[in-house]
Each structure stands twice: as structure tokens, then as C-alpha cells.
Colleague: 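Would you mind keeping the following structure in view while I ask a few things?
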Amino acid sequence: MNALTRASRASPQTFMQEVVAATPGGDTHLELCLQCGTCGGSCPSGRDMEHTPRQLFAMIAAGMRDEVLKSNTPWYCVSCYYCMVRCPQEIHITDIMYTLKRMAIKEGYYQESTAADAPDFSETFIDFVENYGRSFELGLATRYHLKHHPLSAIKMAGFGLGMLARGRMDLRPTKIQNIDQLQAILTKAKELSNGSFEPGGAS
Amino acid sequence: MNHKPMEEARIGVYVCHCGTNIAKTVDVAEVARWVGEQENVVVARDYKFMCSSLGQDLIESDIKERGLTRIVVAACSPHMHEKTFRGACQRAGLNPYMFEMANIREHDSWATDDRAAATQKAKALVEGAVRRVAHHTPLEPLPVEINPNTLVVGGGIAGITTALELANAGYHVYLVEREPSIGGHMAQLDKTFPTLDCSACILTPKMVEVGQHPNITLLSYSEVEKVEGYIGNFTITVRKKARYINEELCTGCGICEEKCPKRVVDHVFEAGLGYRKVVYRPFPQAVPKYPVIDRENCTYFLRGKCRACQIFCPTKAIDFEQEDEIITFQVGNIVLATGYDLFDARRIPQYGYGRLANVFTSMEFERMVNAAGPTGGKIVLRDGVTEPKSVAIIHCVGSRDKNYHEYCSKVCCMYSLKFAHLVHERLPDAEVYNFYIDIRAPGKGYEEFYHRLLHEGTHFIRGRVAEVTDAARQPGEEGKLIVQVEDTLIGKQRRIPVDMVILSAGLEARHDSREVSQLFKMGCDFDGFFVERHPKLDPVATMTEGIFIAGCAQGPKDIPDTVAQGAAAAARVAGLIHLGTVMMEPVRAYIHEELCSGCRICNTLCPYNAIVFHEDRQVSEVITALCQGCGTCVAACPSGVISGAHFTNEQIMSQIEGVLWDVRRNGNGKQPTVNIQQSTANVQQPTVNEP
Amino acid sequence: MSVNGKPKLAMYWAAACGGCEISVLNIGEHILTVDEVFDLAFFPCIADFKTVDVRGYPDGYIDVCLFNGAIRNSENEEMARLLRKKSKILVAYGSCAYEGCIPALANLTSKEATLETVFLNNPTIDNPDRVLPQPAYSVPEGELEIPEFYHTVKALDQVVDVDYYIPGCPPEPHQVWAVLQVVVAALLDGAPLPPKGSIVGAGDVAVCEECPLEKREKTITRFYRPYEITPQPGLCLLEQGLVCLGPATRSGCGALCPQVGMGCRGCYGPLPGVEDQGAKMLSAIASVIDAGEAGMEEAELDRVIEEAVATIPDPAGTFYRFSMAHSILRRANDSQSDKV
Amino acid sequence: MTESFEPVIVGFLCNWCSYRAADLAGTARIHYAPNMRPIRVMCSGRVDPQFVLKALREGADGVMIAGCHPGECHYVNGNIKTLRRYHLLKRMLKQLGVEEERVQLVWASASEGKQLAEAVDRMTEQLRALGPLRWPERVLGEDGRGANGHEAFVSAIEPREEVAA
Amino acid sequence: MKYGYYPGCSLEKNARAYHESALVVAKRLGIEFEETPDWNCCGATEYFAINALAGYALVGRNLALAARQKLNGQGNQLVAPCSACFLNLSKTDHYMAESPELAEKVNSALAAGGLSYEPGSVRVRHLLDVIVDDIGYMTVAEQVRKPLYGLRVAPYYGCLVVRPDYQHIHDEPEYPLCMDGLLKVLGAEVVDYPVKTHCCGGHMTQISEETALEMIRRLLKSAADYRADVIVTLCPMCQLNLDAYQEQVNKHFGADYHIPVLYFTQLMGLAFGASPKEVGIGKEFVDARPALAKIQEEPPQNAKQKRSRPPKGALPMPSMLSHHKGGGQ
Ligand SMILES: Cc1cc2nc3c(=O)[nH]c(=O)nc-3n(C[C@H](O)[C@H](O)[C@H](O)COP(=O)(O)OP(=O)(O)OC[C@H]3O[C@@H](n4cnc5c(N)ncnc54)[C@H](O)[C@@H]3O)c2cc1C
Ligand SMILES: Cc1cc2nc3c(=O)[nH]c(=O)nc-3n(C[C@H](O)[C@H](O)[C@H](O)COP(=O)(O)OP(=O)(O)OC[C@H]3O[C@@H](n4cnc5c(N)ncnc54)[C@H](O)[C@@H]3O)c2cc1C
Ligand code: SF4
Ligand code: SF4
Ligand code: SF4
Ligand code: SF4
Ligand code: SF4
Ligand code: SF4
Ligand code: SF4
Ligand code: SF4
């Protein structure tokens, strides 16, 4: 009912509204950004980002869709939540970073980013979770590294051996009992997610 | 089940457009047309600006020419223009209480965009008013005498100004100050922006004047404990805390202070940056001049030994047996000027105050640069000797931040610029960095002051500081405080190593402002600042008649604004005293004694003890002079024999019927009883100017 | 007026306990005067009249009809309409006819629930076939019709026009006699009758006025049910935490109940200027409950007040014991009802 | 319970706080549901429970009583009395089958325009979910034109002349 | 007191030392754990990047299973020792409560597996919070058999337990003190170094090693600057990054850090008298034994006196702890 919030949830028209609509949880407050820079100043990986979170938000407000989705910024977000708790406008920055990642993947932008393999890491991780219900580090490391960093894979092999030697890595993944139930839930969730909270979905 | 008025009411209804304020959302012409069809409505018009003189003329001429006996104006809030329209009624010879206002602006057109719903609601509100006004009876306002004495609470620059203005106008003032001396925050400041005059130099003469003024009773080291009564006649109870000093004997020589062997950190006047003795005056120019003994820290009170002060006092003025004194007096008006607290910078741990020694608050810095302060005016690090080579001044600490205070504190940009200037002045070689979100300098000479600082070579970095840390990453950072920030103009993270950090903490409401507002029965806003009667048009009055506010107690502001409010509050009070009486709304309760059964339900309910019980006749009675018309007893009397003037059961019940006209059974489809005046006013009148 | 010149008197009971007829008989030796002055036209309680007799009367044949009892079923309503037609003056006699009284407490529940309690779920009931009253029922002798049980109990004036009201459960004999005197004077000597719609046989000040108990300033921390405490004699019961509707009830009875240590239940109905006796008494009682003060935490405040008001276990039944049918809301909301 | 059902709420607003809060909400152009129709009283303590019942009886779907926060009453503690009445009334209304959401007590000081607006929105939402009350038709089964002795009822609760016998 | 227990994938695998030591400590403190049956991965920081709703549903399944556990006959409390698990569980619960729309969608997904979850019905706890808040320092102190005298410990909180703090555990998310207090109770000397809530780099090791190593270096440097003997963590990811990548940091930056990284439960176990093996010492990359050898029999003498008086003429230092209220004119 409130005019102030109405702008944000209604069927998205601007890029900003689209981002807000695709971000679950309470009110993201994205439209309230003061451009104060607290987020950019706080971000541990801010040094290596192409754009600071603040700049990204200015670009979102300006409707610079391509540039935003191409940026490596969301992929360099480590989910430390520093920006989010310090933001004077209580903007859900970390959640917005996740949203931008999803948008970039969906629209294929990430391949242009300097963090092009980051999504693959997430996807490989998820693959194991979806098939076994648990994550599987050895599988993740081998598959991901062989694909993207064959050189460092050799280095990683040492790391992996160290893990194995210390009993910190299993050779085989663990599977939960009720994997069918989990898969049914995830399938349904993906089906529903075409509705909202996902890029392009109407709210 | 219509509540029928006593005699045939002839009602005129006026629906205001308020330019487009109402007309944009409410179909005013339709409302006027429709209400014209309702029972007892003789005239119904819509008009551009009802409060304009032409609008009022319309009412007056209709009353005279068409014999209207009751008037309804559907426009803005009655708090805005009820008085205006009552005046119009009166001028036309109608008792002003035969009037009722329907609020279709604040409560309707401004609260929604939905034109159909707004129009429907407007009809409901108007119909409520029409039904209600039919039951109005002529009333006369009640005169209340104003006691010419005034209470001023808080002796900062706001309270001092108010007290002096009134005292100089010849009226007596009781000035109650909680601390041992008046002066407030201004006494702590060094220079004042933007002109950089010495704060003490301009304040002290005023403090002395307060101390000596025959019309001012200064009650320092005192607090108001109880407030009873109402405008014109408040009874105030003040607790004058024991100073343990006999004021009649004390000459203010200061020997006791000199001889006292114990010192403690002074968290009040020195803002924690310096020490004071246990028997002390906050500062040399304190008014009144008498010291106080800080009982909590005094060795004699703690251990029963010492008495150094007593032994050395030449006039035997030290009195350990002294007790708090309770004083009561009467006043007609009250001005609250209790000021502000500085935001506690410890609440933002990433800025390191309390952890990192060389992080200072703004008030600490004020004391540091003050020649009478703990460092004698030298700018040094916490060790007391090292001069900083670089200073960071961080703006908006605790302000403009939803995690703390959403509002802008208004003065910290300016005092931060002042600080930068003072550092340049005292340490010409030091680098000064101001970290800001926006520079807010909207005052006379303020922007010019900002330009001056740009000339002086201050580094302005636009970006809200993320954190202040001593965790060095690079060699150049070792041993320094590092200010980490995104320089938003460059779009890059920067780490600036400095020796000293000053946190420009914001102003916040007094920590006890809520209790104070309850004591005086007036309102506090969400942030704890006192609420003014109208944010633009009545900034020093409150919702409670006879209680005014001034200075930072109302909201953050600088000294010029504070002084202006202090004087404005004094002018308002002086006006009331000069009149001698005020007219109060005749909204009072009345007990029909012949029907009162003497059940005594009502007896304990009145907050003003206005209800007395006559044992002989076994009936209760309301003392009109005491009753303030809340209506609590009216609602409670199980026999229904208390009536509340202007808010009678019939009036409210009829209004309920009216506002539900569209959903009531039988509420619909009234036959048109009288002629319809359809939007005629617009046509008849030439263009009207804004009221 | 009839042939013999004596005014015709009728008395009928609808949904009522019978106390009201007794109250008329209870006027003592005056009953002889009544007999002397009036001709009985219909008075099933003491004389053998049949409804058909009444149907046979011309309209307005009866001069005064004292109608007691509430309207609970279709027969009650039919009789009310019949007697209205046949009477010059129709008096709602006693609380049931006046404002619904105890029968109208059934308005706090539904017709179905009432029938269920009366005919099915009750320890003293043996109804294995779960037979409920039917409006029409076939027996070998033919079709039987029994009156329809209404959903909502009404006061007399909610079905027919009423001339006067005599409150009381039952009305007090001395008041009854006083009323009859007025009527007799009017009928026989042409003295003026009170205006139509008047409440007669009651005062216009509250019961407290007549109550001899000492009233003090009221601060009540909790309420007690009558069996929980023995009230201190001579002192207002309400102050002692016993619910007394005296302050919200018309005088006339002489404060019978409080005088014997039982709080007034409110049978004389609301005072003039009060629309809803229950709401008014609720307001008065809640106002003087000494629970909660301004300085408390909001949650704590709610808690102590909740606790204090919870000592009145059945507020609707307590405050509307007599006036449910005439209360503003009239009955409870139960959505599945058939609304008759 | 149709989709388009818009509840009607009668609001009793205290002159000193919630009425001004509503003024402030308007001045600040805070938009909220237009479903509440305010009636000004000098104090929430003036709200006679009869008013609440009356509003429900006359077709309102809900009643909002609004006053200053406890401790901030312009008349010291009128709102505490309101609170006491409200709690007892709530118990009684429950017996009468009136859902709890239909009668609400809200604290809103003069500066809390936003809070008041939110309370109105919230209550409107709740009543939309509950559906209409329409006491005369739905509870009393009145068709509005005096059937079932409606008119007689009407006259009966008119203030009556009374005579002591 | 009985708690639900959600170990999460890490504790089963690379953080076994955490798991084992947690169980040792819990037993001593009388904490009973009942593992949530058939729990699944929480999605770490990855799932939300691919599909938010599926991410919430993934976590929602765990919450739904935990809600069914019905321990103590009251509101279920679910303990998650891993920071990421803790955050994901509490975040899902929090956002479902805040956004009915999300709750509805997650529940429709759960319904496909015959489950449902009412937000608020499980209270998600972190192990540290349970030990400090429910058990308390006093009870912990009673269990200490071998105090860690002389060991300089850098408490490292990392991100996700302190931020965004949906459960409102911390008085001050930017400057938490609860683990500091706990370690002090164990007899250790706690260093107040400034980066205790900074980020360990998370998954950046996999995405941009350069970035990650710099983040890890900052932490190691600060701990070294403050002469810490060990870093103590409460999160498998933090432990892994600081421990397993220490060598790489040294190589990359030409540094020479040798700071073992242990779980707080491991130190608790040791202080409670458990053997190093019982609490999983030896599984770390940077060997902890040399550091642990520093543990002394007696409390260090200078511990108290070290608080030197400020030099004469120094200005008073504000105290972080005593918030002076009501001051100021
Ligand atoms: C660091 C800093 C620098 C500043 N520099 C400047 C500047 O250069 N120029 C400028 O224009 N403004 C400046 N300001 C703003 C300035 O301080 C205020 O505008 C001004 O002091 C407000 O005065 P006041 O009388 O309203 O409040 P205060 O100065 O706070 O005075 C209130 C008084 O009321 C007393 N009191 C409080 N509660 C009670 C009670 N319950 N009973 C009795 N007494 C009570 C207090 O003890 C105090 O004496 C600065 C502010 C800060 C924080
Ligand atoms: C575009 C705009 C928008 C604004 N919006 C806002 C807003 O939203 N809120 C807000 O708070 N403020 C607003 N302001 C500021 C506001 O207009 C001023 O604060 C306010 O009007 C000042 O009032 P005043 O009485 O001092 O001066 P004025 O309004 O200028 O009144 C001075 C009067 O004196 C008369 N006069 C001048 N000289 C003489 C003379 N020699 N002899 C006789 N009479 C004389 C003039 O004719 C005039 O009537 C706005 C200003 C502008 C320009
Ligand atoms: S901290 Fe918040 S307000 Fe500031 S720039 Fe970042 S997102 Fe915007
Ligand atoms: S949550 Fe992401 S964007 Fe925010 S500070 Fe941490 S890493 Fe940077
Ligand atoms: S301010 Fe004047 S023009 Fe506007 S609504 Fe009020 S009366 Fe009408
Ligand atoms: S005045 Fe300046 S420093 Fe102070 S809050 Fe406002 S913008 Fe920030
Ligand atoms: S209306 Fe009644 S309770 Fe209120 S002030 Fe007047 S006498 Fe007292
Ligand atoms: S409550 Fe009413 S009847 Fe009782 S004493 Fe007061 S005025 Fe009289
Ligand atoms: S006992 Fe009842 S009737 Fe008697 S005075 Fe008290 S309240 Fe009134
Ligand atoms: S005291 Fe009350 S209940 Fe008892 S008879 Fe009198 S009016 Fe009826």
C-alpha cells in the first residue's frame, strides 16, 4: 500500500526494479543508496573488483545493464556481509550480489567477466549436492581444477594428498538416504523459481 | 435509529479544493452535490480556497442571508483552520461552536491516490460532520488566568536566551539547571563557526547576567520532580540537590578545590579528556560560582575521612550534613531547553573509539583546542606530548545512518570544517583529511567558510569511512591509524595512514528526554526530540498549552538557530503573560446531579481530581475550573449522567452513523429535502489568490 | 370498554418463567381491587381462556394487556401480534418482554447449539434416536404442527409496537400496583396517561441511589464470584470486588439484591440516556480496575490488565444478563445460522 | 468473501496524538488504505464501549481506537483506562463472536504518522482476509426495511421518556 | 539440555577435528546432541548464486527435518558448528519469516517432498553461542583441568557467525568478545588484534587465488604482529584457508608464518584434560605441537602488571566498556 515500497515490488520495469524483484527476503532498500561508499570501503576484495559495490549500484540506478552483468564484482564477493551490516541505508548488498550472479549466469554474461570460471565452481559444487545431498570436496576439486586450472591442479594435487593424509578428505561421496525427496524438492523449487526471485521472473 | 437534533437544523456545507491539494484526489463537486441532498443541509458549495477571505465571506453571507444555524467545512485538519472558520461564524453572529470541520485533506486526499475511494471517504467524513453538527449547542470559551512567572528548564544557550528575554521584559523566571553551572554545551566549545568568535567570550557575559538578574531565580544543580496543573497555573516541584556547600557563606574563592587531594576524570565538562577535583566548579566562569562536592567520589563520604576542603575553607562554608531541598512554586508557562547529548562513538566499534588511543570525539577535540582545556590548547596525541602530523576528521558519525540515527545532525559538517581550520592554524605542517558524504553548509557565511578550508589545503575525501584500524598491511602503515575508505570520486579503496582521528559525532536527544516529556506531558518524536506543534508554522510551541521548547531539545541545530528559538519561545510566553488570560476550549464535563446515583465510579478517574463527591447529598460534581475535558469520566459513568460538552454521546453517535452512511442499513437513499447548490461558488467568484 | 363498564385486562406469558404472573398476584390485598376494577379478558395462568376466545374479540377489545415473556418461537410472535391487535394498551411486562432477559442469553449461542444442549447433550437426557423438535410432524391422527424455534430471541417491541414497559425480573409488587393505579385512574377518571413508550414502575436514577450500602472511592484490584468471599456488611459490594450492576441499572426495586449481599444483576435495565447497559457497565468496571499504570512496559501492562479483567469469567453473560435482546449487538455472531 | 471487498473501519483518534499522527501522515504524503474513517475524540479515554458496538452494529467491519503510548497521554493516564476497557471489551466481543482483529487498539503518538498509516494498512489487510462483518444482515438477518420488527427495535432503543409511577 | 545437531558436510570431512573435539567438549559440559536425521548440504555460499529459491528449499529441508525432532518438548534448538551452515539456516528462517511470499514458495517446494516448515519453529544456534550463553563461563571454568597458561591465542571469528547476526547473538558484531572471554576462562592469554572479524577469503581461493592469498596474509600478519601462538577459529572454511594455504602465502609473499590454526573446541578439550588425539590435534597442516608445548604450569606472573600506568601528563583514555551515560552538558 505504501507508495514508497510500491515502486520496488510491482512488476519490474527498470533494471533496478528487476534486481529488487529477483532478490528474496525482506525489503532490499536498493533504491535508497546514498553513494556513501561504506560498502566499497569495507569490502575485503574491493581492491580487486572492477567496480566497487557502490559503483555497481550507481550503474544499476543508471540502467547500465550490460556493464553491470559483465562486471567481475559479484564474482569477487566472498559473502562476508561487511558491507551489508555497515551500510547506513540497510541495503541487502550481499543478497544483491547473489542476484547479480544469477542474472549474469542466466544471460550468459559471466563468460565475459574476468571471473569467468567462478560460476562453474558454484555449478560443480551444486552438482554434487544435487546428486548426493552432500558436498564432495575431492570430486569438486578434481573436476573444477582439471577443467579450469589444469596447471594449478597439479599444485592442488599436493594439497589434496595433504588432506587425504590428514584424514580430512573422503575418496567417495556420501549420499543421504532420502535423496529422492531432496531431488523432488529441488525440482519443484526450480520450477517455481521461474515465477519470482529469479532473474526475469515476474513477481 | 437516527439521533434527532432538538430543533430543525439549517446546515451549510463548504467543500474546499485547497487549490489542487484536495480537488486532485477528491471529486469535490460531487461531494458538494451529494451532501446537498442530505437531511438538514440547506446550502452545499465547493470552493477553491475556503480559508481565503473570500471563502470566509461566503460562509458569513450564507449565514446572514440564508439563516444557516450550523456550518460544516470540509477542508484541511481542524488543527489548521478550525479557528479561522469559527471566526467566520462568529463574525456572522453564529456561535462559533455551531461549526464542525471534516478533514478531507490530511486524512483523505493526501493519504491516497485512489480518487473513487477518496471521494467515498470524503462523503463519509462530511456526512459524519453534518450529522454531528446538528447536535452542537452554543458554548462559550472559558477564560483562564495566566500566572506571570515562567519556568525555564535547562541553562544552555537556549535556556539562557529565553530567561534573559523574559526577565528583561519584566517577568519573573525560574531557571532550573541540572548541572552545577549553566552554560550547557556552548561553554565547552572553543571557537564557534563560521566567524570563529570565542565561545566563552560571547557566552560568559550572558551567564553573568543570568546570575545577577533580579527577575531570575537560578536553581542550579536542581531537577524538576513534579509538574501539576495546566496552562496559566502550573505547580512545579524542584529538587535542589545538596552541594554540601553553604551558599550564603561561600565566596567562590576556590581554596577547597585547590586543597582537595582527589581528582577524577571529568566526563561532563571536559568530555572525558581531563580531570577535575572531587569538590569542583566545572569551569572557572561557572555561574553560580559555588562549587559542589561530588558525593559519589568524595573520600569523606566514602570512608569518613579527609575533610581537607572543610579544614581549609576560610568561611566554613563546607557542610557535609546538607540535604536535598524540595522547592515548590507556581508558574503560568514552561519552556523546555534541555539540549542534546553527543552520540556515543563507542557504538561504532569499527571506528575504534575507546580502543585506539588516538581516536578522539569531537567534544574531546573542542576541549583540547580550548586554551582553558586539559592541554592548554595544544593539539596532542593521547600521550599528552606528541603533536600529530596528520589528522583525519570523520563526518557523520552516528548520523545519516539507519543503524544509529537516520537524520543529519546539521552542525557536524560545519564544526568539522572548523576543526580542520584549527589544526591548520595550530599545526601548519600537519595534513588534514576530512571524510564526508556530503558537505552541508547551508547558512549565512557557511559555504564561504568551506571555500576557505579548500584554500587552506584540507584534503577532502568523499566517502564514508569503513573503518579505522591499527592493522597495518604495508610498511608505511606501521604504527599509524589507518583510515580505510572508498574514495567515491575515484571509485577506489584507499587507506590513509594518520596520527590522529577525530570522530564528528552527531547530536542526539537527551538520554532521558522520554522521561522528561512524560513529566511535562508532551510528546517526543521517534528519535527522542520534543515535538513541536507545527513543524513550520509553530516550531517552539508544543501540543500542550503553556509548554514551549527551544534549542537542540527540539532537534539538532547550531547556536544561531538555538538563540532564535530561545527568543521566539520567550516572545510566545511574553505574549500570553501580557494578555493575562487565555480562552480555553469549553470542552468540559458536567454531571447532571439530579440523576447521579452517587455510585462513585467516576470519583477516582479524573487525572486532575476535578470530580468531588458530596457526602451530604450523595452526588458527584465536576469542578469546571479543574476539568480539562478528556471525557474519561463521561465514558465511564454507568448511568450516563455525565455529559462532555462538544463531545456528547449524541454528537459522537450521530457522527458514527454519518461516517457509515454507505454501509448502514437504512443509511442510504435519503430523499433530497432541499435545493441543491451545485458548484456555484466557482462560477460566481472571480479568481482567488492563494490564501 | 365493555358492557359492564369495567376495563378489560389481559395477561399473557410468552418465553418466561412465570414469575411475572406471580408478581401480579403478589400485590397482596390489592388483587381484590384489581378484580373489582377489571374484567379479565385473557389470563391463561389463572383463568381458563383459549386463544380462539381472543381471536373472537373485536380489535381493541382489551383495554390493557400485560404481556410478559420474550419472543422465542413463532407461537410467541403470533400471540404478540394477536394481542397487539386486540389491545388498546400493550404493556411489556417484566424484563423478558422488556429486554429479553434470561431467555435472550441464548442469543450468545446458536439455535442449533441450544437445541443440542436441551435435547441431546445433557446428563439427564436419554434420547438415543437423537430426536429434535420438528415444526411439522406426522402422527396417525394427522399432521402436527409445533411452533418454530427462532434463532434469535427478541423482546416484545422487536416484533410489535409496545405502549409501555414495566421492567423487573419480576417487577416489584409495589411498583406494579402503582402502575395499575395510574391505568385505572386514566381509564376510569380520564386522567392523562403517561406518554407512549414510557418506562413505568421504575425510577430514572440508578439502583445505587436506593442502595443503603456505604459507597467509597472505588479501586478494585480483582473481582470475585459470590461464593468466593463473604462481603463485609454495610459496604458497597462493587468495591469489595463483587460485580454489581447497580450503577448501570434503573432503580425501582429498592436495591433488593445488594441489601442481601448479592450484587445487582441488572434486571431493571439500562438508565435513560444509555443505549447499552452491558457496554456501560463494562466501561465503568474496567475504568475502576486498579491494574496497570503509565510507567510500565507495554507488555507488562497488557499482562497485568489481562490478568485483572480475567477475574470476570463471563463478561457477556454478566453484563447482558437481562438486556441481551436490547443490546446494541443483540446477539452473537455465528455465521452458520439461518438468521430467523 | 468477494475479491473486491473493501472493509470499512471506524477510527476513534485522540485529538492530541493519533489524530495528529494522521495529519502528519497526510502532510508527509504517506499513502495508506483509505478504509479508515476517523472520528476525533479528545482522548482515547473518551471512547465509550458503546461507540465501538454502535459502529459494528451500523455496518462497520472494524473499529480502531488509537491513542498515545502509555505514559504519554496528554491527560496523564486516560489511555490506561482505555486499555483496561479494551481488554475487557475484547473478552466480551470474543463471546459475541466478533473476531479479535476487528477491534484494535493502536498506540500512535503525534509524530508517528508512519506507524499509524502502517497500522491502518495492516488492519485493512487483516479485515480483507476476514471478510465483511455486516452485522445487521449477516448476524441479525435484517433486510434493512424493518422486517422482523426492525423498526420496532429502532424505536425501542431511542431514548425514551420515562415516568415514575 | 538437548539440542538438535547439524554437523554439515565439512565437519564430516575436512573439519573432523572440529566435530570430534566438539563432541568431547559437549559431553563434558552436559550438552546432549541429537543429529538431525538425513540432513543435506546447506549449499554453502554457492547455491544462492545459481538458484535462490532452490537454495532456500535446500536449507528449508534441513529446517523442516529439524523441526520434526521435537526435543525437550519445546521449541527446537538446532546447533550448527560451521559458520556457513549456521548462517544459511538462520538466514533462511529469517527471510521466510520476513517475506511471506518466500515462505510460501519454499513451502510449496518442500511439499513436493512431503515436508513443510513454519518460520520461527526452529531456533538456529551456533555452538559458541550455546557454550557461552546457555552453559556459561562458570560451568566451563569448572571443567578446566589443564589451564592453557602462557599460550597467546588470537581469537578469529570470521564473518558469518557475527554477521549479519540474524539471531542477535552479539552485543557488538563489529567487536565480538564472547570467544575472547571463553579462551580467557581456559587460562589462555588472548590477544586483542584488530582483524578478528575480517574475512578469510572464503571460496576466493578457488576463483582468484591472488585475491584470496592477500586476504589470508592480512590475517596472518596481524596475528603475527600481535605475537599470537595460535589462531583459534569457529569455522571449517576459516580453518582451512588459514591453515592449508599458509605455505602458499609464505611462498607468494616471501613471508614466514608458522601459526597453527585450531578450533576453539580443540583448545577447550585440551584445557578440559582430553588428550591431543581425542580432540583431533595433528590433522592441521601447520603443526600445532610446538605452540602447544608453550603451555605453562603456572599462570604467567606478569599477566596482571602489564597494564602499565599511562605516562604522566597523558590524557585519560576512554574505556570501551563503561558507556558513560547521561554525561555531557
Ligand atoms: C563538537 C561540537 C561543536 C559545536 N560547535 C558549534 C559551533 O562552532 N557553532 C555553533 O553554532 N554550534 C556549534 N555546536 C552546536 C551547539 O553546541 C548547540 O547548537 C548548542 O549548544 C545548543 O544549545 P542548547 O541550549 O539547545 O543545548 P545545551 O547546550 O545542551 O544545553 C542544555 C542545558 O540543559 C541542561 N539540562 C538538560 N536536561 C535537563 C533537565 N532535565 N533539567 C535541568 N537541566 C537540564 C543541561 O545540563 C544543559 O546545561 C557544536 C556542537 C558540537 C557537538
Ligand atoms: C522555489 C522555492 C521553494 C521553496 N520551498 C520551501 C519549502 O518547501 N519549505 C520551506 O520551508 N521553505 C521553502 N522556501 C523558502 C521560503 O520561501 C522562505 O523561507 C519564506 O518564504 C521566507 O519568508 P519571509 O517572510 O522571510 O520572506 P518573503 O516571503 O519574501 O516575504 C517578504 C514580504 O515583504 C514584502 N516587502 C519586501 N520589501 C518590502 C518593503 N520595502 N516594504 C514593504 N513590504 C516589503 C514582500 O512583498 C513580501 O510580501 C522556498 C523558496 C523558494 C524560492
Ligand atoms: S554503503 Fe549502502 S548507501 Fe553506502 S554506497 Fe554502499 S550501498 Fe550505497
Ligand atoms: S559481502 Fe561481498 S560485496 Fe559485501 S563486503 Fe563482503 S565481499 Fe564485499
Ligand atoms: S488550507 Fe485553506 S484552502 Fe487548504 S484545505 Fe485548508 S481551508 Fe482549504
Ligand atoms: S551535518 Fe554533515 S557531518 Fe553532520 S550528519 Fe549532516 S552531513 Fe553528516
Ligand atoms: S472529563 Fe472528567 S475525567 Fe476528564 S478532566 Fe474532566 S472531569 Fe476529569
Ligand atoms: S459515575 Fe455517574 S452516577 Fe456514578 S457518581 Fe459519577 S456521575 Fe454519579
Ligand atoms: S452495592 Fe451495588 S447497588 Fe449498592 S452501592 Fe454498590 S454498586 Fe451500587
Ligand atoms: S437489585 Fe438489580 S437484579 Fe436485583 S431486583 Fe433490583 S434491579 Fe433486579
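All heavy atoms count here, side chains included; hydrogens, waters and symmetry mates do not.
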Colleague: At their closest point, which heavy atom of C/P167 faces which heavy atom of C/A202, and how far apart are they?
Modeller: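 Of all heavy-atom pairs spanning C/P167 and C/A202, the closest is CG-CB, 3.7 Å.
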
Colleague: Is there a side-chain hydrogen bond (donor to acceptor under 3.5 Å, both in side chains) between D/E99 and D/Q126 once you walk through the steps?
Modeller: CA-CA 11 Å; D/E99 296 92 340; D/Q126 288 169 343; over 6 Å; no

Colleague: Side chain, backbone, both or neither: which part of C/Y164 has a non-hydrogen atom closer than 4.5 Å to chain D?
Modeller: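 For C/Y164, neither part sits under 4.5 Å from chain D.
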
Colleague: Check whether C/D302 gets within reach of chain D through its side chain, its backbone, both or neither, counting any heavy atom under 4.5 Å.
Modeller: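 It is both, since atoms from each part get that close.
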
Colleague: So for C/A310, is it side chain, backbone, both, or neither that comes closer than 4.5 Å to the heavy atoms of chain D?
Modeller: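 Both backbone and side chain.
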
Colleague: May I ask you to say whether D/R122 pairs ionically with D/E118, meaning some side-chain N is under 4.0 Å from a carboxylate O?
Modeller: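 Salt bridge absent between D/R122 and D/E118.
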
Colleague: Before you tell me yes or no, could you show the steps for C/I285 and C/L238 under side chain to side chain contact (heavy atoms under 4.5 Å, CB included), namely the whole-Å CA-CA distance, both residues' side-chain angles and the distance that decides it to 0.1 Å?
Modeller: CA-CA 9 Å; C/I285 273 196; C/L238 191 52; 4.1 Å; yes

Colleague: Closest heavy-atom contact between D/C14 and D/S44?
Modeller: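 In this case the closest contact between D/C14 and D/S44 is CB-N, 3.9 Å.
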
Colleague: Given the options D/W135, D/W107, D/Y86, which has more heavy-atom pairs under 4.5 Å with chain C than any of the others?
Modeller: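 Ranked by contacts with chain C, first place is D/W135.
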
Colleague: Using a 4.5 angstrom heavy-atom cutoff, name the option from D/V52, D/L83, D/N77 with the most pairs to chain C.
Modeller: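 Among D/V52, D/L83, D/N77, the one with the most close pairs to chain C is D/L83.
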
Colleague: Picking from C/S251, C/A286, C/G292, which has the most non-hydrogen pairs under 4.5 angstrom with chain D?
Modeller: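 It is C/A286.
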
Colleague: Is C/I166 in contact with chain D via its backbone, its side chain, both, or neither, using a 4.5 Å heavy-atom distance?
Modeller: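 When you check distances to chain D, no heavy atom of C/I166 falls under 4.5 Å.
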
Colleague: Quick one: do D/D48 and C/K280 make a salt bridge, cutoff under 4.0 Å?
Modeller: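 Salt bridge flag = yes for C/K280 with D/D48.
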
Colleague: Quick one: what part of D/K90 sits under 4.5 Å from any heavy atom of chain C, side chain, backbone, both or neither?
Modeller: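 It is the side chain, since no backbone atom gets that close.
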
Colleague: For chain D, which candidate among C/L282, C/D276, C/L108 shows the most heavy-atom pairs at distances under 4.5 Å?
Modeller: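 Among the listed options, the one with the most contacts to chain D is C/L282.
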
Colleague: Check this for me, if you would: do C/E78 and C/R81 make a salt bridge, where the nitrogen-to-carboxylate-oxygen distance has to be below 4.0 angstrom?
Modeller: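 Looking at C/R81 together with C/E78, the answer is no, because their closest N to O distance does not fall below 4.0 Å.
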
Colleague: Looking only at side chains, do C/S23 and C/Y93 share a donor and an acceptor under 3.5 Å apart?
Modeller: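 Side chains of C/S23 and C/Y93: pair found under 3.5 Å.
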
Colleague: With a 4.5 angstrom heavy-atom cut-off, which part of C/E99 approaches chain D: side chain, backbone, both or neither?
Modeller: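 For C/E99, no heavy atom lies under 4.5 Å from chain D.
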
Colleague: Does C/Y150 have C/R72 sitting over its ring (NZ/CZ under 6.0 Å from centre, angle to axis within 45°)?
Modeller: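 Pair C/R72/C/Y150 does not count as cation-pi.
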
Colleague: Hey, which of D/L89, D/T82, D/V98 has the most heavy atom pairs under 4.5 Å with chain C?
Modeller: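 Most heavy-atom pairs within the cutoff with chain C belong to D/L89.
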
Colleague: Passes side chain to side chain contact (heavy atoms under 4.5 Å, CB included), C/M281 versus C/T318? Steps please.
Modeller: CA-CA 10 Å; C/M281 195 61 212; C/T318 307; over 6 Å; no

Colleague: Can you check whether anything in residues 62-75 of chain D gets within less than 4.5 Å of chain C, heavy-atom wise, and list it by number?
Modeller: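 Heavy-atom contacts from residues 62-75 of chain D to chain C are D/H69, D/P70, D/G71.
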
Colleague: Decide whether D/E6 and D/N35 meet the rule of one side-chain donor and one side-chain acceptor closer than 3.5 Å.
Modeller: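 The criterion, which ignores hydrogens and geometry beyond distance, is satisfied for D/N35 and D/E6.
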
